[in-house]
Amino acid sequence: MLHRTLLYPNHLKLFLSATKYKRHIIQVHALVITTGNLLNGSFISRDLIAAFGRIGEISHARKLFDQLPQRNVSVYNSMIVAYSRGNNPDAVLRLYDQMIAERVQPDSSTFTMTIKACLSGMVLEKGEAVWSKAVEFGYKNDVFVCSSVLNLYMKCGKMNEAEVLFRKMMKRDVICWTTMVTGFAQAGKSLKAVEFYRGMQNEGFGRDRVVMLGLLQASGDLGDSKMGGSVHGFLIRTNIPMNVVVETSLVDMYAKVGFIEVAFRMFRRMMFKTAVSWGSLISGFAQNGLPNKAFEAVVEMQSFGFQPDLVTLVGVLVACSQVGSLKTGRSVHCYILKRHVLDRVPATALMDMYSKCGALSSSREVFEHLGKKDLVCWNTMISCYGIHGNGQEVISMFLKMTESNIEPDHATFASFLSALSHSGLIEQGQHWFSAMINKYNIQPSEKHYVCLIDLLARAGRVEEALNMIHSEKLDTALPIWVALLSGCINHRNLSVGDIAANKILQLNPDSIGIQTLVSNFYATANKWKEVAKVRKMMRNGVMEKVPGHSVIEMNGELRTFLMEDLSHHEHYHMLQLLRNLSSEMRNVSNKSISECVISN
DNA sequence: CCCGTTGCGG
């Protein structure tokens, strides 16, 4: 039974804002009704609605709301808060419209919360309409309203609009500065984010914890360990209290700049972890080429009662594609289908995983089932066919892509040209290389030139390739010479090969694969002194490096193939077969490479 | 009341 002193409105308000029991709120409601009609025009109805909303009794709040003979701004706002907390942006927007229809004047928080609901509901147009209404009612310079509009613009990719509004604002607080910094950071415009952070510092802001998250994200994105480390140092020095979100961001940052051990140490020291923390760690393992660590972590997170979310599962798929675990990949696919609608990012990750695990038809199936395909989806599908050496399908995919009005980018051409070269489609490769420049206005970068050199070198046109290296001033790029050298080995061109091998050694390659290639070339040329030199270099250089290997799944079991591994009992026959195959391939390629395209 | 952590292709 409620105490009589609660009849004072202030006491009632305090009581309502503190209790977590539905029956308490109902008792207050009853009390208010039985002791006189306090509901109309008083604050009690607002507080009752807020109290019901706070404990998640939204339908109770709504019933009370609907029963009121008249509703003012506060009552509306309480109801809007309830729906916002319940993650129901549609209901917020309906209430806002109803409010306008009932001619109740919204205030700053109404606009702020409604615009935020537009963001959750991803309705930019509605948000802009609400914003013009806010301007109409005189909230043009309200920092709360403006920040929510800035955030809406940033999250919808309207960076320019956001910047224009930001410049026009009369007064700027930490929040709106932070909105800009995190907005740019999340959009991958890391340098812009840092630029705004500097602006913020110049205005005397910048000790805020949230803005540090934006900087951490920018550091990770740029791979800038110095910047990330200094943010970490700043957090420690200034005694800004850590929390799960900051710690998770630190784990993520360290993983992204390649300091996976540091990330793991940070993770282990975290007192409280969330599914997101686990997700950061797991994606970090996958990004750093530690797929087995990623798998272990997923199992472990589940043993702690956390379910992997979509983002984490994408990390697991990346891990699967690295080790070729088709079985795990398929089970992740099922897991996703059971719980979520397959959206673009997981679908793209699935396509990539399937193709790298050898199941090209499954890649295509996922691709076909996808409703809306973006640039990355198309690029991935092209790369899938490229990996499998299916040049014809790559070309038809590319054409379909342009027919669908998706503008190809530098990555499209990187996959496309590489696929054409690997399929031996020389004329096509040259044609599309110039189309890239002339028709699509993409200036070739190093990787595109590598494709072109590779293309020519594979065709045995190594002198032509060499001329191009000189005329296009590509002679400082290691991958260019590597592409040329492998062509020289295959076509036994010792003179050009010698130039390439020399250049490669000058550039001091630390990759075992490249060193092996050079050593193989010298062996082909019978230059045994040079072979010994390169071998010595290999031994001195990178002892701790894991030797090159590949993994394939057979009947659910992972088989590893190590470089120069002779431990298999049939290794002699395997090597014999490989030798025969490569000599056959050389014979065929001398005739015409394009004749031996193996279609799927 | 406005700003906060994990994701795909190259």
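In what follows, chains are A, B, ... by sequence order, proteins preceding strands, each numbered from 1. Just so we're clear, the structure is a prediction, and the values are computed from it rather than from any experiment.
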When you measure from the side chain of [X], which nucleotide among [options] comes out closest?
X	options	result
A:Lys116	B:dC1, B:dC8, B:dC3	B:dC3
A:Val246	B:dG7, B:dC1, B:dG4	B:dG4
A:Asp208	B:dC3, B:dG10, B:dG4	B:dC3
A:Ala411	B:dC2, B:dG10, B:dC1	B:dG10
A:Ala349	B:dC1, B:dG4, B:dC8	B:dC8

- Presence of salt bridge, A:Glu393 and A:Arg364, under 4.0 angstrom: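 A salt bridge links A:Arg364 with A:Glu393.
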Please work out if [X] contacts a base, only the sugar-phosphate, or nothing of the nucleic acid, heavy-atom cut-off 4.0 Å.
X	answer
A:Gln217	sugar-phosphate
A:Asp107	nothing
A:Thr248	base
A:Asp173	base
A:Ser147	base
A:Lys256	sugar-phosphate
A:Glu446	nothing
A:Asp409	base

Rounded to the nearest Å, what distance is computed from the [atom1] atom of residue [X] to the [atom2] atom of nucleotide [N]?
X	N	atom1	atom2	answer
A:Met253	B:dT5	CE	P	15 Å
A:Gln186	B:dG7	CD	P	11 Å
A:Ile387	B:dG10	CD1	P	6 Å
A:Asp252	B:dG7	CG	P	5 Å
A:Leu310	B:dT6	CG	P	15 Å
A:Leu216	B:dG4	CG	P	14 Å
A:Arg209	B:dT5	CZ	P	13 Å
A:Tyr83	B:dC1	OH	P	22 Å

Kindly say if [X] contacts the phosphate of [N], meaning a side-chain N or O under 4.0 Å from OP1 or OP2.
X	N	result
A:Gln287	B:dG7	yes
A:Asn151	B:dC3	yes
A:Ser383	B:dG10	yes
A:Lys155	B:dG4	yes

- Query: Taking the inter-plane angle between the rings of A:His448 and A:His410 on a 0 to 90° scale, is it parallel (under 30°), tilted (30 to 60°) or perpendicular (over 60°)?
  - Reply: perpendicular
- Task: Kindly assign one of parallel, tilted or perpendicular to the pair A:Phe259 and A:Tyr254, based on the angle between their ring planes and the thresholds 30° and 60°.
- Result: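 The rings of A:Phe259 and A:Tyr254 lie parallel, inter-plane angle below 30°.
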Report yes if some heavy atom in the side chain of [X] is under 4.5 Å from a heavy atom in the side chain of [Y]; otherwise report no.
X	Y	answer
A:Val298	A:Gln302	yes
A:Ile58	A:Met79	yes
A:Met227	A:Val194	yes

- Task: Establish whether the base of B:dG7 is bridged to the side chain of A:Asp309 by a donor-acceptor pair shorter than 3.5 Å.
- Result: no
- Query: Within the modelled atom types, does a donor on one side and an acceptor on the other bring the side chain of A:Ser283 and the base of B:dT6 under 3.5 Å apart?
  - Reply: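 For A:Ser283, whose side chain was compared with the base of B:dT6, there is no donor-acceptor pair (under 3.5 Å).
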- Query: Cut-off 3.5 Å, side chains only: do A:Asp142 and A:Ser108 have a donor facing an acceptor?
  - Reply: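 Present: a donor and an acceptor within the cut-off.
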- Decide, applying a 5.5 Å centre-distance limit and a 30° plane-angle limit (both strict), whether A:Trp278 stacks on B:dT6.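 Given the distance and angle limits, no, they do not stack.
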